[in-house]
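As the structure lists them, so they are numbered: ligands from 1, and atoms in each ligand from 1. Below, all heavy atoms of this structure are taken into account, side chains as well, without hydrogens, waters or symmetry copies.
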Amino acid sequence: MSEKLLVPDIGDFEEVEVIEILVKQGDQIQINDPVVTIESDKSSVEIPSTISGKIETIKVKVGDKVSKGDLLLNLNSSNQASSEKPIPKDTESIIKQAEAAIVEKNEEIEAPPKKAQKKQQSNIQVTNNDDLDPLETQDWLESLSAVVAKDGNQRAHFLIKELINKAYREGANIPYTQNTPYINTIPPEAEVKSNGDQNIERRIRSLIRWNAAAMVVRANKKFPELGGHIGTFASAATLYDVGMNHFWRAKNNKFGGDLVYFQGHSAPGVYARAFLEGRLNEKQLDSFRQEVKPGGLSSYPHPWLMPKFWQFPTVSMGLGPMLAIYQARYMKYLINRGLIKDEGRKVWAFLGDGEMDEPESMGAIGLAAREKLDNLIFVVNCNLQRLDGPVRGNGKIIQELEGSFRGAGWNVIKVIWGSYWDSLIANDKTGHLVKIMNETVDGEYQAMKARDGAYVRKKFFGKYPETQELVSSLSDKDVWRLNRGGHDPHKVYAAYDKASKNQGGPTVIIAKTIKGYGMGKTGESVNTSHQTKKLDVDDLLYYRDRFDVPLTDEQVRNIEYFKPNEKSPEIKYIKERRLNLGGFLPERTTYAKPIKAPSKEIFDFMKVSTGEKEMSTTMAMVRMFTNLLRDKNISPRLVPIIPDEARTFGMEGFFQKIGIYAHEGQKYEPEDAAQLSSYREDKSGQVLEEGINEAGAMSSWIAAATAYTNHDIEMIPIYIFYSMFGFQRVGDFAWAAGDSQARGFLIGATAGRTTLAGEGLQHQDGHSHLIASTIPNCVTYDPTFHYELAVIFREGMRRMHEKKENVFYYITTMNENYSHPEMPKDKNCEEGILKGMYKIREFNKFKKTKIQLLGSGTILREMMAAAEVLQNEYQIDSEIWSVTSFNELRKNGMEVERYNLLNPDKEQKISFVEQCLGKLEGPIMAASDYMRMNSDQIRPYTNKSFYSLGTDGFGRSDTRKNLRKFFEVDKEHLVAYSLSVLAKEQLIASKYAKEAIKKYNIDGEKPMPTKL
Ligand SMILES: Cc1ncc(C[n+]2csc(CCOP(=O)(O)OP(=O)(O)O)c2C)c(N)n1
Ligand SMILES: [Mg+2]
């Protein structure tokens, strides 16, 4: 049957140009196959077929203007095509697994209440001075206990919720607290027990503690300037050891591995374990924080410095939590897109309680809950201290965190009290103990652990006669032994077990510990714990005794490491444990296959002139992506990441074409469902639409850009953002990306101080290239024309994703529309584009006076226009250079200069800048849409007179023309400045410059734009 394919609803656009016909007469096409590409002045989009069949006639040609309802093709439809896609195998098993999980979960919910729960009720009876009628309260509580015993927790919870709802409806608008009492979330009778040998594990942990401390003390004895931390790991040792012995599975040929974000300054403990495991030797431990000679151990987790060991840089507080959340999210993304298997892998992140004050730490917890990241586990080590003092002296960090995480929808497991407290809490019939626990502030908790048992008895238990009585049979030593949950391997094991099995959402384990645990007077629970790195002999002897480390006094004095021999039960045990869990952790490896760079032909369309058609480089880039999505090799690996700016950049066409990733698919019909670029969310969507969240987008980009090691799959992430909200907003993440050896593209769109006309001071970027240049492995470009973009982009793909070079690309694109010329035929053009500059035009009619003009980004076009004026009106010849990257030119210049200085007797090398300009006539004048410092970067690498112009100062809103005039980078200023330069060089008389300044109404008295 013959059918017509019409132009669908394309939103607000009319008369849109057809720029490509993607099918031929006679082709057999399927539903959703793209048939033509149309382009408005802002974006290009493919029109997919809504009919399958054989094409009879094509009714449009390139250049035609079309609107909604216009006829595109006639098709002979075949009804055989079904739009339902077969479910791939992996997906099928994922669904099965998920269904099984639901059943399991339901079973869990329906399971009859355990008898043990009855015992718990005494804990609920908190005596409260605000209680008007304790008897009535008692009645209610007993009723509740009866419900718990008869119908279980779920029913009890339901009733409480109903009561709260009822109270709310009756006007009792008192916010419901998200907090539970200050006791462990898991009651003792519900704790799952570890099958490990607790004695051996304690001995191993003691050795790790000792060696970690010894490593720091030895380094500082030798070189006091090196620094390091003992107190943090001392507080977290049990938290790490239980994970290492029982939970964290390494990557191997059968399993992808759990991903563990270690808290940055607990690195000494991680090295100390690796020492016992035989992965590091004494010599390496003795090179802690001495990395200049190869083989040293880096201060903190830095993949760049220990590329086979560390996986994630975490020491800049706040980055770890956010990166971990997006890592877990990205893992789900890869699973949902069918790119990796769902193996139940987990992401664990270890964080400090002080670190949780960083806005980034909590900034994305909502996303983790919303996206049901049950592959994510946070462990917050609440030692109640940060660097200077208590995290919440007057409050309770554990309760505060509980409230925030519960409020956000996380599964919260508090591990506050160790096993020695169990019987006390069970015997707390009046609730006074829990009452004190609730009332005591962190400052007091900290102070108590800096003292002794007698102090705790007096200050804590002494508050009420009931609690005093509770510990009357305990000695002060026993009171002192009452341990905190985070130091009790049983409690920690039970929490990890529960967290690992949690489904449907992320878990946070909030563990209470003591900073500097075991360090005694010098470092335990004192405000200076954090920076204690020197322990004298007495401290060391105390530490040895505290953990029963089998060293003689003499060995302690020498601060010797201790490693039992290979056949000892400890070493056998530690190795066996890791063997059972698949290998060692942390470890950084990659088995990802490279992605072959796309053929050059894919970019051919960008090498011809656009003729009269004007477009921005942002638009050219979007066109390029559309083309890349047609490359079967590349397409699935592209990860477009956008923080709510797709429409700004003309990328809304991607929504329909490749879908927006949404873990639950799309539960609604979008408002614009009938339109071509409708907002399509999909479980296997490809676009990561991050919302207004640059830090999150950057975290996603890092996860994708390191997928080659974390998931052994090479991906091509392309994060596109307003350039002003890039490096300066998320600079620390960008730095961490460099450390992480990220590979991918960052696109700073709408870049330049004067190209984004109306948006004003906070939007106009004239410095992102300079910030980017601070990152050693970031390669940056500021292209003007579409063929430059094509050459740069392809080379980026080749270097990063085919050759696996550990660099990442920052490319700026602009929103100024202009026509793009054909790529110059010069065979050196491509090399020049990549190295940073090439000659784009030359005026040499008069052969009298010459100037070298360097332009970058959109200002290149001003420069070309100025050169024309100089030639036609002033008889000045010029050579015009398109500078695609001052940063790359500078890197080359630095290297060449360094080589020459280090090799004075050898033949001197010549910088690329000098190779281009050295033999040419005339001074150099350079300009870009960035600060002068951008072009000044190459000043030292040429022997010529060099002048630079740029957009120093705050931006402001106005027309593009006025802005360029204000910043003195418009054609007129460039002409006047060129003449002045030539006059200064005594190549022409100064009157020409003076006249031009007058002619163009340039105010010589105007203050520097930086002062305006
Ligand atoms: C962004 C950032 N700011 C400051 C620091 C310096 N610093 C390192 S550790 C630390 C205190 C950490 O306290 P907490 O998070 O509670 O960890 P703890 O050592 O107590 O486990 C500070 C301020 C840092 N590493 N990163
Ligand atoms: Mg802390």
Q: Per the side-chain hydrogen bond (donor to acceptor under 3.5 Å, both in side chains) rule, which among E402, Q399, R406 passes with T180?
A: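 In the set E402, Q399, R406, the residue that makes a side-chain hydrogen bond (donor to acceptor under 3.5 Å, both in side chains) with T180 is E402.
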Q: Which atoms from ligand 1 have a heavy atom of K515 less than 4.0 Å away?
A: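 Listed by number with element, the hits are 18 (P), 19 (O), 20 (O).
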Q: Taking the six-membered ring of Y542 as reference, does the NZ or CZ atom of K521 fall below 6.0 Å from its centre and within a 45° cone about the axis?
A: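 Judged by the rule (NZ or CZ under 6.0 Å from the ring centre, within 45° of its axis), K521 is not positioned above Y542.
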Q: What protein heavy atom is closest to atom 4 (C) of ligand 1, reported as residue, atom name and distance in Å?
A: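 Here the closest protein heavy atom is M317 CG, 4.2 Å.
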Q: Measure from atom 1 (C) of ligand 1 to the protein's non-hydrogen atoms and state whether any distance is below 4.0 Å.
A: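 Under the 4.0 Å cut-off, atom 1 (C) of ligand 1 does have protein heavy-atom neighbours.
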Q: Could you name each residue pair satisfying salt bridge (Lys or Arg N to Asp or Glu O under 4.0 Å) that touches residues 376-391, not counting sequence neighbours?
A: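 Every pair satisfying salt bridge (Lys or Arg N to Asp or Glu O under 4.0 Å) with a residue in residues 376-391: there are none.
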Q: Is there a polar contact between ligand 1 and L387, counting only N or O atoms under 3.5 Å apart?
A: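 No, there is no polar N/O contact under 3.5 Å.
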Q: Would you say T232 and ligand 1 have an N/O pair spaced under 3.5 Å apart?
A: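 There is such a contact, yes.
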Q: Does atom OH (Y420) have a neighbourhood of more than 12 heavy atoms from anything else shown, all under 6.0 Å?
A: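 At most 12 heavy atoms, drawn from other residues, nucleotides or ligands, come within 6.0 Å of this atom.
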Q: Measuring from the heavy atoms of H229, does anything fall under 4.0 Å of ligand 1?
A: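 Distance cut 4.0 Å: H229 fails for ligand 1.
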Q: Do me a favour and list the nearest non-hydrogen protein atom to atom 13 (O) of ligand 1 with residue, atom name and distance?
A: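 The answer is R386 CA, 3.4 Å.
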Q: For ligand 1, indicate whether the residue H530 contacts it via side chain, backbone, both or neither (heavy-atom separation under 4.0 Å).
A: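 The answer is the side chain of H530.
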Q: May I ask you to decide if the ring planes of Y496 and F247 are parallel, tilted or perpendicular, using 30° and 60° as cut-offs?
A: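 Aromatic pair Y496/F247 classed perpendicular.
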Q: Within a 6.0 Å radius of atom CG on N394, are there more than 12 heavy atoms belonging to other residues, nucleotides or ligands?
A: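 Check fails, neighbour count at 12 or below.
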Q: Check ligand 1 against V315 and write out every atom of the ligand that is under 4.0 Å from a heavy-atom position of the residue.
A: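 This gives 24 (C), 25 (N), 26 (N) as the contact atoms.
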Q: Under 4.0 Å from ligand 1, counting heavy atoms only, is it the side chain of N383, its backbone, both or neither?
A: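 Contact part for N383 vs ligand 1: side chain (C-beta onward).
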Q: Checking K396 side chain against N438 main chain: does a donor-acceptor pair fall under 3.5 Å?
A: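 Yes, because the side chain of K396 sits within donor-acceptor range (under 3.5 Å) of the backbone of N438.
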Q: Between R289 and Y300, is NZ or CZ placed under 6.0 angstrom from the six-membered ring centre and within 45° of the ring axis?
A: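 The answer is yes, since R289 meets both limits relative to Y300.
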Q: Looking at Y182, does the NZ or CZ of K512 lie under 6.0 angstrom from its six-membered ring centre and within 45 degrees of the ring axis?
A: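 Output no; distance or angle outside limits.
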Q: Below 30° counts as parallel, above 60° as perpendicular, anything between as tilted: where do the rings of W410 and F378 land?
A: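 Taking F378 first and then W410, their aromatic rings sit tilted (interplane angle of 30° to 60°).
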Q: Please indicate whether any nitrogen or oxygen in S316 is less than 3.5 Å from any nitrogen or oxygen in ligand 1.
A: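 There is no such contact.
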Q: Which protein non-hydrogen atom lies closest to atom 21 (O) of ligand 1, naming both residue and atom, and how far is it?
A: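 Of the protein heavy atoms, Q263 NE2, 2.9 Å lies nearest.
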Q: Within a distance under 4.0 Å of any heavy atom of E355, pick out the atoms of ligand 1 and give their elements.
A: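 The list of qualifying atoms is 14 (P), 15 (O).
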Q: Pick one: which of D442, D353, I510 meets side-chain contact (heavy atoms from CB on, under 4.5 Å) with I398?
A: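 For I398, the side-chain contact (heavy atoms from CB on, under 4.5 Å) check succeeds only for I510.
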Q: Under 2.8 Å from the Mg ion (ligand 2), which protein N, O or S atoms do you find? Ignore water molecules.
A: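 Counting only protein N, O or S atoms under 2.8 Å from the Mg ion (ligand 2), the list reads D353 OD1, N383 OD1, Q385 O.
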Q: Check whether NZ of the Lys or CZ of the Arg R546 lies under 6.0 Å from the centre of the six-membered ring of Y517 and within 45 degrees of that ring's axis.
A: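 Yes, a cation-pi geometry holds between R546 and Y517.
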Q: Parallel under 30°, tilted from 30 to 60°, perpendicular over 60°: which one fits the rings of Y271 and F288?
A: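 Rings of Y271 and F288: perpendicular, as their planes differ by over 60°.
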Q: Report yes if G354 has an N/O atom closer than 3.5 Å to an N/O atom of ligand 1; otherwise report no.
A: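 Among all N and O atoms of G354, at least one is under 3.5 Å from an N or O of ligand 1.
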